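Below: the structure, in C-alpha cells.
If you're wondering where the values come from, they're calculated on a predicted model, not measured in any experiment.
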Amino acid sequence: MKRVHLAAFSRLAAVDPVQTCYSLYSRIGLSSQATTSAEPETIEALLREDTGRHTSNRFRKAGRTPGIVFSMPGNESKLITLDSNTASNMVRIHGRRGLLAQRYHIKLGDEQLPVLPRVVHINSVSNVVENITFMHCPPGRKITVPIPVEVIGEDACPGVKQNGFPYLIRRSVECLCPGDAIPAAIEVDVSGLNLGQTVLLPQLKLPEGVQVVAPHPTLPVCKIAGKGSREG
C-alpha cells in the first residue's frame with residue numbers, strides 16, 4: 001500500500017477540505033477516477049425564469065440547485081436548475097477545484113449544451129452546493145482553465161525512498177485549452193527526483209493544443225520535501 005504523507009494533506013485541508021478528501025482517497029487507491037480527459041458526462045437540467053435569493057432558496061428546498069449557463073451565442077444566458085444530488089456528486093467526485101476542469105453536456109429537453117463549470121458556491125456551514133455557474137464551451141472555443149496537478153512515480157522516486165514526500169507547490173496550473181480537449185489533470189512525474197529537487201512549469205508534459213498561462217514560466221510546481229537518508 002502507498003505511503004500517504006498526512007503532513008502535506010493537513011496543510012492542504014486548511015485551504016480546500018473537499019479537494020483534500022478526494023486527493024487522499026486517490027493516493028491510497030480508494031478512487032478509480034481517470035486523470036485523462038474522458039467523454040463529457042450528460043446532466044439533465046430544467047429552465048427557470050425566476051431569480052432572487054428567496055426563489056433560489058425555494059428551489060434548494062425542493063431538491064434543485066440553481067445555476068446559469070453564460071456566454072451563449074449572442075452573449076445570451078440560460079437560467080437553469082439541476083438535481084441537488086447531481087450537483088453534490090459532481091463536487092464529491094472531482095473536488096471543488098477539479099470540477100472546474102470537467103466538461104459536461106447539459107441536457108435541456110432536446111437541446112444539449114457543451115459546458116464547463118466556472119464558479120461553484122458551497123455553503124461554508126452545511127457544505128451544500130448552492131449554485132453553479134457554467135460557461136458555454138463549444139469545440140472551437142479556447143478557454144483558460146485551472147487544471148489540477150496529479151503526482152505520479154512516487155513508488156520509484158529516490159527522494160521518497162529517502163523519507164521525503166512530494167509537496168505540491170501549485171495544486172493547479174492555469175492553461176489555455178481547446179473547449180473539446182480539456183485535460184482532467186496534468187501529471188507530474190517525480191520518479192527521478194531526489195530530496196530537494198523541483199519540477200518547474202516548462203518540464204510539464206502537456207497534451208497537444210494545451211499551453212500554460214503564467215506570468216513567470218519557470219515557476220515551480222512540485223518539490224520533494226522532507227529530511228532523511230537512504231535506507232541501507
Side-chain angles (χ1 to χ4, degrees), residues 2 4-6 8-41 43 87-104 115-122 127 129 132-135 137 142-154 157 165-191 193 198-215 217 219-225:
K2 293 182 180 180
V4 179
H5 302 282
L6 297 180
F9 279 104
S10 64
R11 289 190 290 268
L12 176 56
V15 179
D16 193 341
V18 176
Q19 179 65 25
T20 303
C21 291
Y22 171 66
S23 300
L24 179 58
Y25 291 164
S26 298
R27 290 288 185 87
I28 61 178
L30 297 181
S31 173
S32 59
Q33 295 299 315
T35 60
T36 55
S37 182
E39 195 65 23
E41 179 185 349
I43 53 178
S88 297
N89 285 336
M90 290 164 62
V91 176
R92 178 182 59 81
I93 292 172
H94 301 292
R96 189 172 184 172
R97 290 175 178 270
L99 183 63
L100 303 183
Q102 299 298 318
R103 296 178 296 138
Y104 291 93
V115 299
L116 185 74
R118 298 301 279 167
V119 181
V120 182
H121 293 285
I122 298 177
N127 281 332
V129 180
I132 301 181
T133 298
F134 297 92
M135 180 179 184
C137 194
K142 285 208 166 186
I143 183 171
T144 300
V145 185
I147 307 297
V149 173
E150 181 176 286
V151 175
I152 63 172
E154 291 176 76
C157 177
F165 62 92
Y167 174 66
L168 282 177
I169 301 168
R170 300 173 68 88
R171 291 181 289 127
S172 63
V173 175
E174 293 282 334
C175 294
L176 185 64
C177 312
D180 59 344
I182 299 172
I186 295 176
E187 294 181 341
V188 177
D189 189 355
V190 298
S191 60
L193 298 186
T198 303
V199 177
L200 305 178
L201 282 177
Q203 297 172 305
L204 297 178
K205 294 182 179 179
L206 301 175
E208 184 177 355
V210 176
Q211 61 186 87
V212 171
V213 179
L219 288 173
V221 178
C222 180
K223 177 181 179 179
I224 302 301

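The main-chain N or O of Val120 is found under 3.5 Å from a side-chain atom of Arg96 such that the two form a donor-acceptor pair.
Here the side chains of Ile186 and Cys175 are in contact, with some heavy-atom distance below 4.5 Å. At least one side-chain heavy atom of Arg118 sits under 4.5 Å from a side-chain heavy atom of Ile143. Contact check for Val115 versus Cys137: no side-chain heavy atoms found under the 4.5 Å cut-off. The shortest distance between side-chain heavy atoms of Gln203 and Asp189 does not fall below 4.5 Å. Contact of the Met90 side chain with the Ile43 side chain is registered, since non-hydrogen atoms from C-beta on lie closer than 4.5 Å. Counting only heavy atoms from C-beta outward, the side chains of Ile169 and Val199 never approach each other to under 4.5 Å.
Atoms SG and CZ, from Cys222 and Arg170 in turn, are 12.5 Å apart once rounded to the nearest 0.5 Å. Here Ile132 contributes atom CD1 and Leu99 contributes atom CG; the two are 6.0 Å apart, rounded to the nearest 0.5 Å. Note that the CZ atom of Arg97 and the CD1 atom of Ile147 stand 13.0 Å from one another [nearest 0.5 Å]. Taking NZ of Lys142 as the reference point, atom CD1 of Ile182 lies at 11.5 Å (rounded to 0.5 Å). With rounding to the nearest 0.5 angstrom, the CG atom of Leu201 is 11.0 Å from the CD atom of Glu174.
Nearest heavy-atom pair, Val129 versus Ala87, reported as atom, atom and distance to 0.1 Å: CG2-O, 4.0 Å. Scanning all heavy atoms of the two residues, the minimum distance from Gln102 to Ala184 falls at NE2-CB, 3.7 Å. The two residues Pro183 and Cys177 come nearest to each other via the heavy atoms CD-SG, 4.1 Å.
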### Message
Apply side-chain contact (heavy atoms from CB on, under 4.5 Å) to residues Leu116 and Leu100 and explain how you reach the verdict.
### Response
CA-CA 7 Å; Leu116 185 74; Leu100 303 183; over 6 Å; no

